[in-house]
**Student:** 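Take a look at the following structure, please.
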2 protein chains.
Amino acid sequence: MATIKEVAQRAGVSIRTVSRVLNEHPHVANATRERVLRVIEELDFRPNAAARYMRTGQSQLIGFLTDEVAQNVFSYDLIIGAQQAAWEHEKLLFLLNTGNDPEVEIRAINMMRDHQVEGIIYATMYHREIKRSQFPEDIPAILVNCFADDRSLPSIVPDEIGGGRLATETLLKHGHRRVGFVNVAAKEPAPLGRLEGYRQALANYGIPYDEALVRFIEEPFEGIATSTYDCVLSLLQMSDPPTGIFCFNDMMALGAYDAVRKSNLRIPEDVAIVGFDNVEILAAQIHPPLTTIELPVFEMGQLAVRMLLGEGDIAQGEQPVQHVIACPLIIRRSV
Amino acid sequence: MATIKEVAQRAGVSIRTVSRVLNEHPHVANATRERVLRVIEELDFRPNAAARYMRTGQSQLIGFLTDEVAQNVFSYDLIIGAQQAAWEHEKLLFLLNTGNDPEVEIRAINMMRDHQVEGIIYATMYHREIKRSQFPEDIPAILVNCFADDRSLPSIVPDEIGGGRLATETLLKHGHRRVGFVNVAAKEPAPLGRLEGYRQALANYGIPYDEALVRFIEEPFEGIATSTYDCVLSLLQMSDPPTGIFCFNDMMALGAYDAVRKSNLRIPEDVAIVGFDNVEILAAQIHPPLTTIELPVFEMGQLAVRMLLGEGDIAQGEQPVQHVIACPLIIRRSV
DNA sequence: ATACTGTGTGCCATCGTTGGCAACCAGATG
DNA sequence: CATCTGGTTGCCAACGATGGCACACAGTAT
């Protein structure tokens, strides 16, 4: 690949002048500029980013670190969102998936430091707390779907409570008064928050909380649709069964669908169902299409990069910002 | 971040000596080496990759370009596979999704050239042909799930014919003699190849090809599960209906499931179903779990990086290699 | 004593780019 | 004619690392 030197020689000017043309400095005669530009075109010259970094200290690189996010179905949009925002700033994204192995994580962060990333985005599969000490002090970091134990890093997390409330209110708004909730049994922000949202929605409608309507699926979560199937079946066999069911996620809604059908009931006429996550491939394809709460991962990825680059008004103040992102309702046909 | 100069100063040696320690050159006294190593540790020094590249010409960077792959549910594994192989070689992966926009693609390739990637991997969502001219001559490229019009670039593609044959034979092996195939209507390698595989399997079993059993879903493919639902319903209403159905992909199998249930038939007792792609979130979660053909995307990603780095015996000969990867059968419970 | 070998170390150029500084030139001003 | 101004251009150092070369200092062979 051609270098600036070759361009200078061929255009009969000094390297400095080519550099000026490249960086759109003033004080270059028009004729000269055009000659240089022509040679650049001819040689298909592009300035070497590494060399440029050497002088300017700007690597134009962002590290995107995930625990298992890239293995999760709905999180590819997170990467795409981040990539798009990076693109707008002419930055490139390094992708590294640690598989939750601390050793890999350390090495990954080191590799990113080696390449002088301008910042690191760390995204987790599940909404959870992580250790501040994993991250170097001297590189800006943004957390996505997680937060630092000491809250010292800016983070972006979904509004679990709001989402849970919205899901439940959607059912209540349609006249359902017995609303079931199939949750997962874990002390994490997602199940805890969505349950809180569920309670708030009931309270808003003046409906007492009924323990019998709330179920918790235990780990392991592999056959989660099947566990949910059993769970929903028992819910529907109650003497006073729910007519609306809020499922912790879309995969579980799939199991709920099977249970409702098995009970010879129709969706949404007899039982309405709301999911969570908006996994398109499931939610939009099953019959009837699933009304669900979207985890706005694309926006979260985008926002992460924008925060990192200190874009405009979302620049950080003294206290690291904790962005809580609203989860919108995606209306389909299961309610 | 500390530089080699600071390390040298603090250790009371020259820069050259630190460099020797870093690169494990001989001729460094043990005492000196240990002193240097200690300082490196103290300062948490890591050599600057950009500066290193300047001298050595090795950027340790690989570009991973996709059209819309990252937007496709089952392709995150492709990225993970590539990333893992890259990791083993201490390389970092640049991820860039073009959304199939030619302008974006050109800029993306340029950005990667700017950063001196050692090679580019280009992966497509659908198995298809692409133009060689999109790619610069001077950077090695590997194509995944696509191939160059002039076959001048090494490529990795799934064995569509073999996959189609395997899917069909799986049904035949279980005694099904009337086997339907719900294909998509497109002149692309995937539908064409899988159909060819279907025909070969029938031929192997001495069963004549029956046009009435092969259906083609037209674009647009958004509500593809619903189209398949209608299609399978009509298939099951034939006078001599199929007892086994091979669906072009797993999403379509979801529609087929609905149609079979609607017809008051059981899976797999009355109608057996085989999918394609092995989209875990669907195939493993629906009821009964779907037997399907896996698109080995993880391995394809891995192989792409390994080929690029010329690992061992998969180094290229004179003719660019066209790797055709077998698609294994994933046995679940729908057959 | 001299030459030779080999270990340990440092100096300096180099990679491709940018930015400070200085120099050149033409035209305007005193 | 000397000085000034401002546009245009070039020289050179610097960024952080590596590698060729040279040199100092042993110990060994002649």
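The chains referred to below are lettered A, B, ... by the order of the sequence lines, with proteins before strands, and numbering in each begins at 1.
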**Student:** Can you check the B/R16 CZ to D/dG19 P distance for me, whole Å?
**Tutor:**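 To the nearest whole Å, that distance equals 7 Å.
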**Student:** Whole-Å distance between C/dG8 C1' and B/R33 CZ?
**Tutor:** 11 Å
**Student:** Got B/D67 and B/Y122 here, is their nearest side-chain heavy-atom distance under 4.5 Å?
**Tutor:** yes
**Student:** Rounded to whole Å, please give me the gap between CG in B/L22 and P in D/dA17.
**Tutor:**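 After rounding, the reported distance stands at 8 Å.
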**Student:** Using a cut-off of strictly less than 4.0 Å, decide whether B/R20 has a side-chain nitrogen or oxygen near OP1 or OP2 of C/dT9.
**Tutor:** no
**Student:** Among the candidates D/dG16, D/dG20, D/dT9, find the nucleotide nearest to the side-chain atoms of B/I4.
**Tutor:** D/dG16
**Student:** One thing to verify: whether B/R306 and B/E299 come together as a salt bridge, which I'm taking to mean a side-chain N less than 4.0 angstrom from a carboxylate O.
**Tutor:** no
**Student:** Would B/R52 and A/D114 pass as an ion pair if we require N to O under 4.0 Å?
**Tutor:** no
**Student:** For B/R35 and C/dG8, what is the distance between atoms CZ and P respectively, to the nearest whole Å?
**Tutor:** 13 Å
**Student:** What nucleotide, of D/dA17, C/dT9, C/dT18, holds the atom closest to the side chain of B/F45?
**Tutor:** D/dA17
**Student:** Go through D/dC15, C/dT9, D/dA17 for me and flag the one nearest to the B/T17 side chain.
**Tutor:**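 Of all the options, the side chain of B/T17 is nearest to C/dT9.
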**Student:** Of all the choices, C/dT7, C/dG16, C/dT14, which nucleotide is nearest to the side chain of B/H27 once you look at every atom?
**Tutor:**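 Closest nucleotide among those given: C/dT7.
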**Student:** Between D/dT18, C/dT17, C/dG10, which one does the side chain of B/S14 approach most closely?
**Tutor:** C/dG10
**Student:** Check whether any side-chain N or O of B/N48 sits under 4.0 Å from OP1 or OP2 of D/dC15, and answer yes or no.
**Tutor:** no
**Student:** What's A/V13 touching, base or sugar-phosphate or nothing? Going by heavy atoms closer than 4.0 Å.
**Tutor:**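 Sugar-phosphate contact only - A/V13 comes under 4.0 Å of backbone atoms but never of a base.
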**Student:** B/R55 has a side chain; which of D/dT18, C/dC11, C/dT18 sits nearest to it?
**Tutor:**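 Taking heavy atoms from C-beta onward, the closest nucleotide is D/dT18.
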**Student:** Hey, does A/V28 reach any base, or is it just sugar-phosphate, or nothing, if we go heavy atoms under 4.0 Å?
**Tutor:**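 Counting heavy atoms under 4.0 Å across all strands, the contact made by A/V28 is with sugar-phosphate only.
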**Student:** By nearest atom, which of the nucleotides D/dG10, C/dT18, C/dG8 is closest to the A/I15 side chain?
**Tutor:** C/dT18
**Student:** C/dT9 P sits how many Å from B/N30 CG, rounded?
**Tutor:**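 In whole Å, C/dT9 P lies 10 Å from B/N30 CG.
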**Student:** Should the pair A/D149-A/K131 be classified as a salt bridge under the 4.0 Å nitrogen-to-oxygen rule?
**Tutor:** no
**Student:** Starting at CE of A/M54 and ending at P of D/dT18, how long is that distance when rounded to a whole Å?
**Tutor:**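 A/M54 atom CE is separated from D/dT18 atom P by 11 Å.
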**Student:** If you round to the nearest 0.5 Å, how far is CG of B/D77 from CD of B/Q302?
**Tutor:**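 Between atom CD of B/Q302 and atom CG of B/D77 there are 10.5 Å.
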**Student:** When the nearest nucleotide of DNA chain C is assigned to A/R46 and to B/T32 on a heavy-atom basis, which residue is associated with the more 5' position?
**Tutor:**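 Nearest-nucleotide comparison on DNA chain C picks B/T32.
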**Student:** What nucleotide among D/dT18, D/dA17, C/dT17 has an atom nearest to a side-chain atom of B/T56?
**Tutor:**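 Shortest atom-to-atom distance from the side chain points to D/dT18.
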**Student:** Side-chain N or O of A/S19 versus OP1/OP2 of C/dG19: is the shortest distance under 4.0 Å?
**Tutor:** no
**Student:** Quick one: B/Q58 CD to D/dT18 P, roughly how many Å, whole number?
**Tutor:** 12 Å
**Student:** Heavy-atom nearest nucleotide on DNA chain C for B/Y53 versus B/P26: which residue maps closer to 5'?
**Tutor:** B/P26
**Student:** Can a side chain N or O of B/H25 be found less than 4.0 Å away from OP1 or OP2 on D/dG19?
**Tutor:**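 For D/dG19, OP1/OP2 do have a side-chain N/O of B/H25 under 4.0 Å.
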**Student:** Less than 4.5 Å apart, side chain to side chain, heavy atoms only: is that true for B/I156 and B/M307?
**Tutor:**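 B/I156 reaches B/M307 side chain to side chain.
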**Student:** To the nearest angstrom, how far is B/E24 atom CD from D/dG19 atom P?
**Tutor:**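 Taking CD of B/E24 and P of D/dG19, I get 13 Å after rounding.
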